[in-house]
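Working notes for the structure below.
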Amino acid sequence: MKSKHLIGLETTPKDDISEFIDTGFLFREILERPIKRVPSLTGKNIVNLFFENSTRTKISFELAEKRLSADITNFSSSSSSVKKGESLKDTIQNIHAMKIDCVVMRHPVPGSAIQLTNYVDSVIVNAGDGTHEHPTQALLDMMSLKEHFGNIKGLKIGIVGDILHSRVALSNIFGLVKLGAKVKVCGPPHLIQKGIEELNVGVEYNVDNLIEWADAINILRIQRERMGVGIIPSVREYRRFFGITTERMKNHKKEIVVMHPGPINRGVEIDSSIADSNQAIILNQVLNGVAVRMSVLYLLLGNNDLK
Ligand code: CP
């Protein structure tokens with residue numbers, strides 16, 4: 001493994017991405033055991049720094065750390081000295097002085113994860129930094145695709161929604177393209193960055209064409225906080241043109257795989273009948289999230305054999 005940290009999949013070598021995913025399957029097997037715990041990270045100290053809300057990622061990292069027998073500390077910015085004006089640098093250097101092996105951080109500012117590597121010499125794992133990257137989300141998405149299809153190379157993957165503001169979209173693009181998948185993005189033209197084709201992805205503005213082309217689609221959450229500020233004119237209009245609705249899916253003969261990173265806005269970007277159908281692998285993505293985060297922490301921090 002060449003990587004010392006996991007900041008983003010843009011900078012992670014292809015072989016390391018494959019190893020994170022493949023080792024994830026070994027941990028997935030451990031998660032099926034009656035006692036879901038291995039001693040791999042005994043004696044390692046991990047701090048989870050969450051400066052932004054999270055359900056899946058926070059719980060998933062905590063479970064992954066506990067199942068690897070690490071010692072963990074949870075930090076929430078809302079109850080910390082950040083509220084008194086303490087900077088990120090001072091916060092992390094004080095935490096680091098307490099002898100920490102790894103920091104898992106979610107932060108609203110793009111680039112904050114790489115910035116941490118300048119302040120401390122612990123392993124840094126990015127749990128989502130603003131609109132930049134969410135690498136463990138993309139790893140769990142790719143693990144779920146590999147589990148379903150057997151391989152990622154040659155798969156046709158559509159990503160639908162607000163591509164411009166999505167760290168999930170960017171990390172998926174970097175990872176999928178490195179592993180040989182074909183990727184197309186789809187959404188309102190003003191929510192797709194100009195020049196995105198340079199990342200070796202196609203652009204499709206018609207979601208029905210995308211569904212006909214794809215083996216699987218990853219549907220992004222429409223961020224309600226962006227509505228009413230001129231970015232998304234109305235929920236109804238978005239749903240009509242880009243929503244993965246019951247009616248739309250009935251018109252397509254093929255049954256593609258449906259993915260969503262969560263949290264879901266039911267009735268906006270996806271209807272309940274699709275999110276809860278057999279073609280959706282959304283909850284499997286969540287389970288694989290624990291396994292792939294165990295893999296990331298194990299490969300970056302541990303030297304023990306899997307038992
Ligand atoms: N997918 C994801 O990052 O969800 P949370 O914001 O709940 O962690």
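Note that the coordinates shown come from a computational prediction; the quantities given were computed from them, not determined experimentally.
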Shared hydrophobic cluster, Val257 / Leu287 (ILVMFWY, side-chain heavy atoms < 4.5 Å): yes
Salt bridge (Lys or Arg N to Asp or Glu O under 4.0 Å) pairs touching residues 188-199, sequence neighbours excluded, are none
message: Can you confirm whether Leu300 sits close enough to His5 that some side-chain heavy atom of one is under 4.5 Å from a side-chain heavy atom of the other?
response: no
(request) May I ask you to test the Cys102-Lys44 pair for a side-chain heavy-atom distance under 4.5 Å? (result) no
Rounded to the nearest 0.5 angstrom, the CD1-CD1 distance for Ile124 and Ile92 is 5.5 Å
Residue pairs passing the salt bridge (Lys or Arg N to Asp or Glu O under 4.0 Å) test with at least one member in residues 126-155, sequence neighbours excluded, are Asp22-Lys146, Arg28-Glu147
- Task: Any chance you could lay out the side-chain contact (heavy atoms from CB on, under 4.5 Å) test for Arg67 and Leu31, step after step, and finish with the verdict?
- Result: CA-CA 9 Å; Arg67 285 167 181 180; Leu31 294 180; 3.4 Å; yes
Donor + acceptor pair across side chains of Thr12, Ser3 (<3.5 Å)
no
Heavy-atom nearest pair, Arg56 first then Arg293, reads O-NH1, 4.5 Å
- Item | Close side-chain approach of Leu139 and Ile17, heavy atoms under 4.5 Å | yes
From the list Val47, Asn48, Ile46, side chain to side chain contact (heavy atoms under 4.5 Å, CB included) with Asn74 holds only for Asn48
Residues at least two apart in sequence or cross-chain that pass side chain to side chain donor-acceptor pair (under 3.5 Å) with Ser122, listed by chain then number, are His96
Residues 1-13 vs salt bridge (Lys or Arg N to Asp or Glu O under 4.0 Å), sequence neighbours excluded, gives none
When rounded to the nearest 0.5 Å, the distance separating CE of Met142 from CG of Asn288 is 12.0 Å
With sequence neighbours left out, the residues meeting side chain to side chain contact (heavy atoms under 4.5 Å, CB included) with Asp276 are Arg266, Ser272
Smallest heavy-atom separation, Leu41 atom then Leu301 atom, equals CD2-CB, 3.9 Å
*Does some side-chain heavy atom of Lys89 sit less than 4.5 Å from a side-chain heavy atom of Val120?*
no
Contacts of Ser295 meeting side chain to side chain contact (heavy atoms under 4.5 Å, CB included) (sequence neighbours excluded), chain-then-number -> Phe20, Thr23, Phe27, Leu299
Notebook entry, point to check: Hey, mind stepping through Ile217 and Leu210 against side-chain contact (heavy atoms from CB on, under 4.5 Å) and telling me if it holds?
Noted result: CA-CA 8 Å; Ile217 50 171; Leu210 185 83; 3.8 Å; yes
Sorted by chain and number, sequence neighbours left out, salt bridge (charged side-chain N to carboxylate O under 4.0 Å, His left out) with Lys58 holds for Glu62
dist Thr91:OG1 -> Glu86:CD (nearest 0.5 Å) comes out at 4.0 Å
Hydrophobic cluster identity match, Leu283 and Phe25, side-chain contacts under 4.5 Å: no
### Message
Is it the case that over 12 heavy atoms from other parts of the model lie below 6.0 angstrom from the CG atom of Asn251?
### Response
yes
With sequence neighbours left out, the residues meeting salt bridge (charged side-chain N to carboxylate O under 4.0 Å, His left out) with Asp208 are Arg248
Indicate yes or no for a side-chain donor-acceptor contact from Asn172 to the backbone of Val168 under 3.5 Å, with no hydrogens or angles considered.
yes
Interatomic distance, CD1@Ile244 vs NE2@His252, rounded to 0.5 Å, equals 8.0 Å
For Pro110 and His132 the tightest heavy-atom approach is CB-CB, 3.8 Å
| query | Do the side chains of Leu145 and Leu176 get nearer than 4.5 Å, heavy atoms only? | reply | yes
Same cluster or not: are Val286 and Ile21 linked, directly or through other Ile, Leu, Val, Met, Phe, Trp or Tyr residues, by side-chain heavy atoms under 4.5 angstrom apart? no
Practice task
Answer yes or no: is there a donor N or O on one side and an acceptor on the other, between the side chain of Asp162 and the main chain of His165, under 3.5 Å?
Solution key: yes
Nearest heavy-atom contact between Phe242 and Pro188 is CZ-N, 3.4 Å
Full working for side-chain contact (heavy atoms from CB on, under 4.5 Å) between Glu255 and Gln279:
CA-CA 7 Å; Glu255 197 170 273; Gln279 73 187 109; 3.6 Å; yes
Here the gap from Asn200 atom CG to Lys178 atom NZ, rounded to the nearest 0.5 Å, amounts to 11.5 Å
Note to self: If you define the side chain from C-beta out and look only at heavy atoms, does anything of Ser18 sit under 4.5 Å from Leu179?
What the structure shows: yes
When rounded to the nearest 0.5 Å, the distance separating CZ of Phe241 from CZ of Arg236 is 11.5 Å
Next on the checklist: Quick one, Tyr205 and Cys186 - any side-chain contact, counting heavy atoms below 4.5 Å?
Outcome noted: no
Residue pairs passing the ring-ring contact (aromatic ring centres under 6.0 Å, His included) test with at least one member in residues 61-82, sequence neighbours excluded, are Phe51-Phe75
Hits for salt bridge (charged side-chain N to carboxylate O under 4.0 Å, His left out) against Asp271, two or more places apart or cross-chain, chain-then-number order -> Arg239
field: Any donor-acceptor N/O pair, Ser69 side chain to Val38 backbone, under 3.5 Å
entry: yes
All heavy atoms of Ile192 vs all of Ile196, minimum pair found to be CG2-CG2, 3.9 Å
_I'd like to know if Leu49 and Val109 are part of one continuous hydrophobic network [Ile/Leu/Val/Met/Phe/Trp/Tyr, side-chain heavy atoms within less than 4.5 Å]._
no
task = For the pair Arg33 and Glu29, find out whether any cationic side-chain nitrogen is under 4.0 Å from an anionic carboxylate oxygen.
result = yes
Nearest heavy-atom approach of Asn126 to Ile7 is ND2-O, 2.8 Å
> Looking at Glu204 and Lys182, does any basic side-chain N land under 4.0 Å from a carboxylate oxygen?
Replying inline: no
In short, salt bridge (Lys or Arg N to Asp or Glu O under 4.0 Å) pairs touching residues 11-21 with sequence neighbours left out are none
*Counting only heavy atoms not in Asn53, do more than 12 fall under 6.0 Å of its CG?*
no
Exercise. Begin with the C-alpha distance, continue with both residues' side-chain angles, and end with the deciding distance and a verdict on side-chain contact (heavy atoms from CB on, under 4.5 Å) for Leu297 and Val125.
Key: CA-CA 8 Å; Leu297 295 168; Val125 178; 4.3 Å; yes
Kindly say whether Gly262 contributes a backbone atom to a donor-acceptor pair with the side chain of His260 at under 3.5 angstrom?
yes
side-chain hydrogen bond (donor to acceptor under 3.5 Å, both in side chains) pairs touching residues 103-120, sequence neighbours excluded, are Thr57-Arg106, Arg106-His134, Gln115-Tyr119
Would a 4.5 Å heavy-atom cut-off, applied to side chains only, mark Ile264 and Ile270 as touching?
yes
* Asked: Counting N and O atoms only, with roles assigned by atom type, does the side chain of Asp101 sit under 3.5 Å from a partner on the main chain of Asn45, one being a donor and the other an acceptor?
  -> yes
